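See below for the structure under consideration.
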Amino acid sequence: MDPTTTRAWQSLDARADAFDPDLRAWFDADPDRGARWTRQAGDLHVDLSKNLVDDAVLEDLLALAEQTHVLHHRDRMLEGERINVTEGRAVLHTALRRPSEDHLEVDGADVVAEVHAELAKIYDFARRVRSGEWTGASGKPVRTVVNIGIGGSDLGPVMAYEALRPFVAPGLSCRFISNIDPTDAAEKTRDLDPETTLVIVASKTFTTLETLTNARVVREWLLGAMRSRGLLDEGDAAGEAAAIARHFVAVSTALDKVAAFGIDPANAFGFWNWVGGRYSVDSAVGTSLAVAIGPERFEEFLGGFHTIDRHFATAAPRDNVPLLMGLLNVWYGNFLGSDTHAVLPYSQYLHRFPAYLQQLTMESNGKSVRWDGTPVSYDTGEVFWGEPGTNGQHAFYQLIHQGTRVVPADFIAFATPTWGTRDGDADVHELFLSNFFAQTKALAFGRTADEVRAEGTPEAVVPARVFTGNRPTTSIMAPALTPSVLGQLIALYEHITFVQGAVWGIDSFDQWGVELGKKLARDLVPAIAGDTAVLAGQDSSTRGLIEYYRGHRV
Ligand SMILES: O=P(O)(O)OC[C@H]1O[C@](O)(CO)[C@@H](O)[C@@H]1O
């Protein structure tokens with residue numbers, strides 16, 4: 001449906017015209033605003049009070065959710081209806097983290113049972129690798145797991161691995177190869193010991209050019225390195241197959257294609273086409289993580305997702321954190337003119353979280369037509385971006401504090417640093433957190449000209465030192481960055497993304513927008529290689545760029 005036809009949308013439109021937010025005045029008038037606008041979801045303590053929202057706007061936003069049937073749509077997703085209409089698929093990433101005693105039948109199969117059967121295989125494999133029972137071809141245990149994948153088959157695993165580094169088994173590490181730029185695989189294999197390396201080729205479709213190319217490159221590297229160590233003879237096909245069987249496993253929904261690539265399907269972990277790539281870190285796509293942190297911690301990770309799934313499914317609308325945060329994003333994007341949204345984790349371990357969220361949110365909600373193919377007449381997905389604090393403070397926060405654009409921002413922090421710290425680091429953590437607390441305060445309340453003057457600032461400089469305030473933020477805190485809390489954070493953003501897509505009436509689960517570029521890249525290969533006829537058929541810009549490349553390549 002077209003959300004602009006709802007009464008709630010029209011009311012929000014009218015409200016936005018006259019909206020004159022004043023966080024200072026709102027906090028002064030309501031000493032309980034902080035508590036009144038704080039919600040709990042699992043371990044996540046979410047303070048919404050520094051958003052540009054009052055009770056009237058909240059009521060309209062909740063009415064908008066009702067009039068666009070967001071919660072009905074949520075239930076259809078959770079029950080396995082084919083809400084990914086352009087691909088005719090169910091959307092069931094939430095089934096990946098349901099407990100084994102649950103049941104959910106889709107197309108005659110109990111998907112929860114299937115999930116747990118696959119998890120059991122992954123956990124068994126992870127235990128064998130971690131214990132040293134699984135060895136490479138020369139009998140040495142695995143020291144490095146190399147995940148080859150891209151998009152959802154890379155960003156989730158690498159983000160979660162980085163976030164949970166303190167839980168990684170000593171002596172084990174992961175590397176991630178994603179880019180088809182040959183320097184990526186070259187750099188990641190340069191100092192690797194092939195005898196102790198296990199490669200996981202992760203691709204939902206097992207057709208992705210980057211991943212299959214990198215898998216071939218790394219296979220050649222591994223076999224070549226084995227040969228140069230005298231562990232394999234030139235032309236020994238059986239020896240090669242045996243080496244591949246010990247050093248390569250795959251993750252995919254297309255096990256036939258895995259076999260065609262030369263990986264024994266017995267060494268493959270599957271998932272299902274009802275899991276979108278960007279929603280797949282908690283499927284077999286997370287195998288590298290399961291090996292790195294171990295099955296018990298991976299279970300906690302899944303448990304964290306499930307906690308937020310339950311919250312999203314059951315919490316009353318006005319306490320439902322993903323619903324509220326999704327609706328606030330709609331408020332900023334569609335009514336207050338924000339084009340972007342910053343995510344600023346005060347945790348170095350979360351340094352890949354914004355990049356992960358970029359795929360989750362922008363591949364999901366960067367759409368211009370609704371489910372029924374009709375064009376939207378309003379903005380959809382905003383640009384998500386971010387960097388960990390405090391680094392960002394010394395880079396782009398200037399614009400968030402004093403620029404002309406309003407950038408709603410989510411600040412994320414943890415009470416206890418717990419790991420990666422040394423004795424005495426508690427003080428440093430407090431300095432770190434003082435920045436987290438200070439930034440949202442500065443953004444909300446700013447600094448008036450009179451306050452600046454009172455500091456003795458020369459009059460000529462006063463305007464430049466004024467902070468208008470009223471820069472919206474949400475603060476998310478949790479006790480510590482554990483596997484469970486990471487799962488909770490990911491699920492929170494998955495459901496925020498869902499809520500926005502549901503209000504806009506778009507299909508958040510397809511990604512046709514990535515296809516054209518892939519096709520054109522394939523079509524251009526002959527022109528780049530020197531086919532003059534194909535080159536002549538290109539537009540003048542593309543032709544000129546290819547000619548430049550051909551003229552300058554050394
Ligand atoms: O896992 P696959 O099939 O290799 O796809 C990788 C990524 O490519 C995309 O399809 C986009 O091209 C993403 O949606 C996906 O996560």
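First listed ligand is number 1; within each ligand, the first listed atom is number 1. These numbers were taken from a predicted model, which means no experiment stands behind them.
- Contact annotation: for V514 versus ligand 1, heavy atoms closer than 4.0 Å belong to the side chain alone.
- Note on ring orientation: taking the six-membered ring where Trp is involved, the planes of W134 and F125 are perpendicular (angle over 60°, cut-offs 30° and 60°).
- Here the heavy atom of the protein found nearest to atom 7 (C) of ligand 1 is I150 O, 3.6 Å.
- Scanning the protein for heavy atoms near atom 14 (O) of ligand 1, the closest one is E363 OE1, 2.7 Å.
- Residue-level proximity to ligand 1 for K204 is carried by backbone and side chain together, each with a heavy atom below 4.0 angstrom.
- Here R227 pairs with E240 in a salt bridge; the nearest charged N to carboxylate O distance falls below 4.0 Å.
- Salt-bridge annotation for R165 and E162: present, with a side-chain N of the basic residue lying under 4.0 Å from a carboxylate O of the acidic one.
- Polar contact with ligand 1: present for G152 (N/O pair, distance under 3.5 Å).
- Counting atoms of ligand 1 from 1 in the listed order, those under 4.0 Å from a heavy atom of T208 are 2 (P), 3 (O), 4 (O), 5 (O).
- Side-chain atoms of W272 and T253 include no donor-acceptor pair closer than 3.5 Å.
- For the atom pair CZ (F167) and OH (Y349), the distance works out to 9.0 Å, reported to the nearest 0.5 Å.
- Using a 4.0 Å cut-off between a side-chain N of Lys or Arg and a carboxylate O of Asp or Glu, E494 and R97 qualify as a salt bridge.
- Listed by number with element, the atoms of ligand 1 under 4.0 angstrom from any heavy atom of Q511 are 14 (O).
- In this structure, the protein non-hydrogen atom closest to atom 3 (O) of ligand 1 is T205 OG1, 2.6 Å.
- Of all heavy-atom pairs between A126 and A290, the closest is CB-O, 3.8 Å.
- Of the candidates E210, Q359, R278, it is Q359 that places a heavy atom closest to atom 15 (C) of ligand 1.
- By the 3.5 Å distance cut-off applied to N or O atoms, K518 is counted among the residues near ligand 1.
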